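Remember, it's a predicted structure, so these values are computed and weren't measured experimentally. Residue numbers start from 1 in every chain, and the chains themselves are labelled A, B, ... in the order their sequence lines are given, proteins ahead of strands.
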Amino acid sequence: MRELHAIQLTVNGVRHERSVEARLLLSDFLRQELELTGTHVGCEHGVCGACTVLVDGEAVRSCLMFAVQADGSEITTVEGLADGGAVPDLHPLQAAFRDAHALQCGFCTPGVLLTLIPFLEQNPDPDEQTIREALSGNLCRCTGYQSMVEAVRALAEGVGR
Amino acid sequence: MEIQSEFVFNGSRDDLWANLLDPTVLAKALPGTKLELVEEDRYEGQMEATVGPVTAARFDVTIELVDKVAPESFTMRVDGKGAAGFTKGTALVQLAEQGPTETLMKYTADLQVGGRIAGVGQRLLDSVANSMSRQGLEAINRHLQGEAPAEAAAPLQLLSRPVLAAIAVVIIVAVLLVVLL
Amino acid sequence: MKPAPFRYLRPGTVDDALDLLTEHGPQAKLLAGGQSLIPTMNFRLSQPAVLIDLNRLGELAGIEESRRGLMIGAMTRQRAAERSGAVRDRAPLLSEAMPFISHPQVRNRGTIGGSLAHADPAAELPALMVALDAEFLVRDRDHQRRIAAADFYTGLFATALAPDEMLLSVEVPKTPKRTGWAFEEISRRHGDYALVGVATTITLDRKGRCDGAHIVLLSVGDGPVAASQAVAGLAGEEPTADAIRQAAEVTATRDIDPPADIHASAAYRRQLARVLTTRALTRAVARAQGAEVSETGAR
Amino acid sequence: MSAAHFGAAVSRNEDARLLTGQALFVDDVQLEGMLHAAFLRSDYAHARITNLDVSAAQESEGVVAVYTAADLGEYWQPGPLLVPPQPIERLEFHCATQVPLAKDKVRHVGEPIAVVVARSRYEAEDALPLIRVELEPLPAVANPVAALEPDAPRIHEQFESNLAAHAIQEKGDYASIVDQAALVVRRHLDHDRGASAPMENRGVVASWDRKCGELTVWDTTQAPIPIRNGLARMLGLPETQVRVIAPFIGGGFGPKIMMFYPEEVLLPWVTMQLGQPVKWIEDRQESFFATTQERSQVHDAELAVDAEGRILGVRDVFVYDAGAYNPYGLTLPINTQCTLLGPYEVPNYYTEFRAAFTNKPIVSPIRGAGRQPGVFVMERLLDIAARELGIDVMEIRRRNFLPPDAFPHDHGIIYQDSASLVYDSGNYLPALERAAEMIDYHRFLDETQPALRAEGRHVGIGIVSYVEGTGIGPYEGARVSIEPSGRVNLATGVGTQGQGHFTSFAQIAADQLGVEVADVEVVTGDTGKFHWGTGTFASRGAVVAGNACHAAAVALREKILEQAAQELEAATADLELVAGTARVKEAPERSIAFGELAVRANPLRGGVKPGTEPGLEATAYFGPEKGSTASGVHAMIVEVDPETAMVDVQRYVVVHDCGKVINPTIVRGQIIGGVAHGIGNCFYEQLVFDENAQLQNASFMDYLIPTATDVPPVDTDHIETPSPFNPLGIKGAGEAGAIPTNPLFAQAVENALQVPGLEVLEMPLSPNRLFELLCAAREAD
């Protein structure tokens, strides 16, 4: 039997205690242990950004962190964005994405949203180039990114008004 | 991939030839390797490579020496296999006298690198090959000049009489290591 | 792509970390931000028996103004350095270059010390520290010592750190007067490993002649490569466009011996080194002369 | 009937689930007792398996089973030939399809040799290095031209050479006109491989319910019905006892079609052996070997024109790289042959290809499917002819367009659907002029470019056109039904990988039924819900399944109207369907809700009248006799840094004609996404194999998918030439964006640099390669 480590962490406001093998990636922990399958795994070498979650408020790639390292952390996943995780109560960024058709297959979308949320807190009114740079750590094969940029602009303009 | 390079040693060609085939010299140049002479000019063993973040890459290695023309040239055939991939190929090593205490070594290695390591490591292939072979060659050169070779991180064990061309092994090692990154 | 098993240790103090490092020796790897190590582990190209996680060593995180300049703890996140006003004021070259390091998600986790000790030849931070004349503070269980950045890098992924030593912090000296700086890099895509990058500084004397310069390149050798012949050529010269072109030419043709990979041949790397050195020096000189420089490096 | 929804830019039904992490992807399926599989794959491109010993792996912690080819018994069979050879005269075709696990030989890197099943993926991967496999390397061949040399290493022993196919198609008589040409342009053009690289890798979860004798497979396939049918046949199960579900799929782009990949065939067998569910999720590294690839072709082409630049004929001889196996037959090279003709009048055409087996991963369609190399050849030859004759690149295209009265236009050569290549409709000149207007083509050349040039900036423009045969048969079906709750359900067999079918199909049905788009619940890709059809590929989902949805909704509308007419005692002609009710137009208070009608259509007592069916439900099918031909013009502005050879795509314009548009927002998204893929293909993405067929860039670190900073803003517009071959008048749009990008990029880069002798005749073009071409051109000058 392999060595297990007890960890406690808060995910989307819910406290969890688990025992995990040290090598368990945070992405696998969230998906398999907590069944929060909205966090997607696209490359497991830190390039595609699909697995991006917030750890203590900062966007990080959950495939490049071990679950044991998240002991004591606060994590936000895509399931934690809409109020109560419910479909009708979309987060404004989620609504902006829907309105701008900023997703197609939707696989990269959770990572994109979690990249943009802290970005928008720090840059409430970003220009197109800044948005593109912020998105450049998230790969999307469907949209060509343009509609994501439009979604962020629309949201920023709406908020600014 | 093809590696072509040359190196000037501060020593006579005969000395260099003898040194290249001396196991104790080789031991200093190749940390982490175990090789055993299984038949005339044929070695088998294991190598463990460590470069940068790459730690546990183990390879089963077979080395064969052919076309030996003392003290001018030899060819070696190398086959290395591990969980992360393989390397396979030949290296031709030629020694030319440039003076009583100067010998030019030219080496050409034609190597296949395959498997997982080939697909992920190419960014550093060239650098690792150059850097590792240069280090090995410098170590041999220091020995040739009678200096104590730099301390090796882990001792190399040659379990049997060695008739091995250190440099060719160095090249192979370089390539093996290369591909691990 | 799942990592092999390993033993996980999480020291709470630097002393504990050094004890563990001594105890486990070469079997152990230090885990800082993990943004280079963990991918390699996921590929199973790295299978350390022991991981010593430094992320709880709060004493190693932080940026402080020091008498000489700026003290940056090894476990400072790259993102913190990017956002730091102190870095912007005291080491503007570093500030300018931070956005070139991968992507925000990686910089949020990646550390200054992790990148410096990893010594990837394509990494920006080692070249920047050499260009800034930084000093590395390192320690084993018994001793602490300082190593100049230029002496820290000894080869491919190789540093002057002994197996039982750890990098604690890096000190970046204040930028001298009449000094300009610039960082230029070209990568295939934003955030990729650089095809070539160059960090430059130039200090002018009162007559406007070069009184010291750094041209340090990345992705052209085993580690950061200082273009010493080019710098020597600039010494005492007025940094005219011709002098800059000459320095770039020497850099590209004599100071570097770049490797080839699928993205760039050696000849292409030389060309990029030539162009980027010209551009960086031009901007650095303009800054040293007090001119406004709006461009923030090639993307 | 109102037409409020068809053509409207409504937001998507599926988005809320996707945005909140509630959508089910294959990797999200978690079942009680589920095991995890990992595959041992070949490191060698070509080798004989001399020994295989899995005993140590079987002892590894957490391992439940390890299987090799020897364990499969009768189940070990090469996969099916998916597309039989098209009826081309004197065609030579040799078929060798992939096997579930290599038995004697491996023929490409990554070919699976054994599968480990363990409690977790971690433990399964732990056991892989414990498998002792001895492989005796054989010489490998990577280059398709080299593969056809007489002394090339033989990949499939049963054939005399590596020739997989040889075909000649002809129209007119090229040889007879070549002497009359004012100019003959001859060039050698190269097109290399790329990956589809959807963000979601492939995956399979298989679960065998012993008691019910039922197999359920969640599969990232674009075509669940053919997979179900094939698995039932292979496993000896009734089709009704096999359910294949393609839930939300994270992008497909071609390779997720019904390939019968080894993993797809093995997992169902494994779950039946073990009686426990088993999951395999391809990791990104595996995807570079285990998922099909495309686009490697080598062309020797010539274009004969008269002094005005009018095309007299084209001759093209090419070698097509089929990879190690060719289950997809000849679709790709035939698409190349056909699409090369473009929107042009080409009276004489000689096209010949040889398909070659190589020791590289299998080739099957990726977004564009053989069309890119054809368009690249034709557009480049036109550019060169224009330059040599001193004609503008737009003008030479204008002179050669098929006129609007030329349709339907039969080219007389065989297309991928085995029928003659017929363009249904088209109107090319307006698209060219509109694109030129949008990008301000003439002003750019006359004013902007010279002004920028004076500032030392190298900015260039390009404009190209293309056609794309879309929406081929055989058929798709759909069932629309109304529940007693009033809810409208629509089920169709095609899989969905992000194209918005949950919305566009709902739009089609909503119009017929007088309900809101959001009220139509669409199910796609679940054979338990609908099990007739083929799949989503060849830009056919909207065309073929869309028309099937339309037909089913029309049938259901009739049924509702008839039933309501009885209930409301009115003539059907006097009724209208509004807001989920049927009502009398002149007396809206006389109405009945659909739910109520549904209850009455499914009575608990009494009989169903002969000749009628219970329930408010209708099923219909649509099979187009011929596909529909989409077309378009793309234009681009690039800035090239001649010192660094870096290229910045600054503007991009697409004018596209995909007939009637169901949802302009979705179509725009498809187009722009395709353009991003196309930009990847021209400047960033290349699978680099060494001469031993080892892939050098098997990760996202080195295989460069364009990021947000690498793709430009794209302006789109539409020309609408409805297809006469389907009732809705639609044409496919899924692939179009990616098709003409390569020649466009080449043209724009040449235009920016204006270096004499610089010709871009290869794709992709990395900055390193552009630097080399520039050096060579400057040296020659």
Note to self: Do C:His263 and D:Asn768 make a side-chain contact, defined as non-hydrogen atoms from C-beta onward lying under 4.5 Å apart?
What the structure shows: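 When only atoms from C-beta onward are counted, D:Asn768 and C:His263 do not touch, as no gap falls below 4.5 Å.
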Residue pair [X] / [Y]: nearest heavy atoms and the distance that separates them:
X        : Y        : value
D:Tyr122 : C:Arg44  : O-NH2, 3.3 Å
C:Pro5   : D:Asp126 : CD-OD1, 3.8 Å
C:Arg189 : D:Met701 : NH2-O, 4.4 Å

Once you round to the nearest 0.5 Å, how far does [atom1] of [X] lie from [atom2] of [Y]?
X        : Y        : atom1 : atom2 : result
C:Ile262 : D:Asp702 : CD1   : CG    : 4.5 Å
D:Glu643 : C:Leu276 : CD    : CG    : 9.5 Å
D:Glu685 : C:Arg188 : CD    : CZ    : 10.0 Å

Q) Cationic tip of D:Arg769 within the cone over C:Tyr268's six-membered ring, i.e. under 6.0 Å and within 45° of the normal? A)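 Judged by the rule, D:Arg769 and C:Tyr268 form no cation-pi pair.
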Between C:Ser265, C:Pro39, C:Gly191, who has the most heavy-atom pairs with chain D when the cutoff is under 4.5 Å?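 The option with the most such pairs is C:Ser265.
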Inspect the contact between C:Lys2 and D:Glu123 and indicate whether a charged nitrogen and a carboxylate oxygen are less than 4.0 angstrom apart.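 Salt bridge absent between D:Glu123 and C:Lys2.
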Could you check whether C:His190 and D:Asp710, counting side-chain N and O atoms only, form a donor-acceptor pair closer than 3.5 Å?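 Per modelled atom types, D:Asp710 and C:His190 side chains form no pair under 3.5 Å.
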Under 4.5 Å from any heavy atom of chain C, what part of [X] do you find: side chain, backbone, both or neither?
X        : answer
D:Phe771 : side chain
D:Thr644 : both
D:Ser699 : side chain

task = Below 4.5 Å from any heavy atom of chain D, which atoms of C:Pro3 appear? Answer side chain, backbone, both or neither.
result =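 Both the backbone and the side chain of C:Pro3 come within 4.5 Å of chain D.
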- Item | Atom CD of D:Glu779: over 12 foreign heavy atoms under 6.0 Å |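 Atom CD in D:Glu779 is not crowded, with 12 or fewer foreign heavy atoms closer than 6.0 Å.
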